[in-house]
Amino acid sequence: MGAYTLLRVERGGLEPGIPGQFFMLSPPGRLLPRPMSVCLAPPGELAFLLEVVGPGTRALAALDSGAELAVFGPLGNGFRLDVGRPLLVGGGVGIAPFPYASEALGGPRAVLGFRSAAHAEAAALVPQAEVVLEPTYVTECLPGGEWDVLACGPEPMLERVRALAPTAQLAWEAPMACGYGGCYGCVVEVEGRLKRLCVDGPVLEAAA
Ligand SMILES: Cc1cc2nc3c(=O)[nH]c(=O)nc-3n(C[C@H](O)[C@H](O)[C@H](O)COP(=O)(O)OP(=O)(O)OC[C@H]3O[C@@H](n4cnc5c(N)ncnc54)[C@H](O)[C@@H]3O)c2cc1C
Ligand code: FES
């Protein structure tokens, strides 16, 4: 998928969960599992959009067809889908939950930002997405009016969305070792309170 890898997994008896939830994927070798958002959930399958940034994603992206993979989930809190005028706002591999979210919401408006045309090829997974390429930032191209924003992307993008749309739902990232609340590796401070992002998030209300 352009600069990213779309990893398709047979899901056996696993439920796909709701958009914004994630699975822990155990790369082969002695690596800890890595959290990945559900990107698509066609019957019998789960698909994940990966950006290779280190050993875990490199090993996952290099899996041969038919290889076995340990997958655990769905985990965390996904996006609330009871919204009237949804607008998907994504940056980079942060668009990963939006193909599934777009399907669940009936193809809402989506504005997705990428750092190159090769990365932007992934926008084809989100119907009718408007693509913004750097040096323009996606937050400079949001439509006017009142929207129920669902956002996922790098932290500076989420902070900008929070400032522009105080009712937005934001999907955050933190390094995660367990994914179910046991290790406290994913603790983040939100408005002066500590939260385990894997169980309290990854989706948080902007006003939280
Ligand atoms: C809920 C959730 C959903 C995610 N969904 C996806 C997804 O759909 N697709 C995808 O490609 N990635 C996703 N990620 C991020 C992915 O899990 C991490 O980038 C992963 O740790 C990469 O593993 P690695 O071994 O390849 O790289 P690592 O060696 O773990 O890290 C490589 C570099 O990335 C930085 N880094 C690692 N993890 C994070 C993090 N979580 N936040 C910020 N910086 C980090 C490290 O500091 C280092 O510079 C998600 C993360 C979370 C928390
Ligand atoms: S990843 Fe272990 S507590 Fe959140």
Side-chain angles (χ1 to χ4, degrees), residues 1-27 32-53 56-57 59-61 63 67-83 86-108 110 112 114 119 121-127 129 148-154 158 168-181 186 196-205:
M1 200 82 234
Y4 303 114
T5 301
L6 192 66
L7 177 66
R8 310 183 80 106
V9 180
E10 273 180 36
R11 78 163 114 113
L14 291 175
E15 292 297 326
I18 61 171
Q21 286 193 292
F22 65 94
F23 282 72
M24 296 299 282
L25 274 56
S26 296
L32 286 171
R34 300 302 200 262
M36 294 291 153
S37 308
V38 187
C39 179
L40 284 165
E45 265 190 24
L46 292 170
F48 303 95
L49 189 69
L50 310 185
E51 177 165 29
V52 174
V53 293
T57 43
L60 289 167
L63 283 171
E68 288 201 2
L69 176 66
V71 172
F72 176 57
L75 297 164
N77 291 319
F79 290 106
R80 265 188 306 103
L81 300 176
D82 59 340
V83 289
L87 173 67
L88 308 179
V89 179
V93 78
I95 74 145
F98 289 154
Y100 190 31
S102 178
E103 194 180 292
L105 290 165
L112 309 178
F114 299 93
H119 291 87
E121 284 183 38
L125 295 169
V126 181
D148 297 305
V149 174
L150 286 65
C152 186
L158 294 181
Q169 302 177 61
L170 309 175
W172 298 90
E173 263 197 31
M176 291 183 181
C178 74
Y180 53 79
C186 64
R196 284 169 299 171
L197 206 61
C198 66
V199 287
D200 295 323
V203 177
L204 299 174
E205 302 286 337

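Just so you know, these numbers use all the heavy atoms, side chains as well, and skip hydrogens, waters and symmetry mates.
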* Listed partners of E51 passing side-chain hydrogen bond (donor to acceptor under 3.5 Å, both in side chains), at least two apart -> R115

* Asked: Can you find a heavy atom in the side chain of F23 that is under 4.5 Å from one in the side chain of V9?
  -> no

* Structure fact -> Across all chains, not counting sequence neighbours, the side chain to side chain contact (heavy atoms under 4.5 Å, CB included) partners of A168 are V149, V161, A165, L170, A206

* How about V83 and Q169: do any of their side-chain heavy atoms sit closer than 4.5 Å? -> yes

* Under the salt bridge (Lys or Arg N to Asp or Glu O under 4.0 Å) test, residues paired with E10 that sit two or more places apart -> none

* Of all residues at least two apart in sequence or in a different chain, which pass the side chain to side chain contact (heavy atoms under 4.5 Å, CB included) check with A61? -> T5, L50, V52

* Structure fact -> Residues at least two apart in sequence or cross-chain that pass side-chain hydrogen bond (donor to acceptor under 3.5 Å, both in side chains) with R8, listed by chain then number, are E45

* All side chain to side chain contact (heavy atoms under 4.5 Å, CB included) counterparts of L32, not counting sequence neighbours -> R34, A177

* Using the test side chain to side chain contact (heavy atoms under 4.5 Å, CB included), find all partners of Q21 that sit at least two apart in sequence or belong to another chain. => I18, P74

I'd like a table of donor-acceptor pairs (distance under 3.5 Å, sequence neighbours excluded) in which one partner is a side-chain atom from residues 197-204, with atom names and distances.
residue: D200; atom: OD2; partner: R196; partner atom: N; Å: 3.1

* To do: Could I get the full list of ring-ring contact (aromatic ring centres under 6.0 Å, His included) partners for F22, not counting sequence neighbours?
  => none

* Asked: Mind checking whether F114 and Y4 have parallel, tilted or perpendicular rings, split at 30° and 60°?
  -> tilted

Which side-chain N or O atoms in residues 87-107 pair as donor and acceptor under 3.5 Å with protein atoms at least two apart or in another chain?
residue: Y100; atom: OH; partner: G17; partner atom: O; Å: 2.6

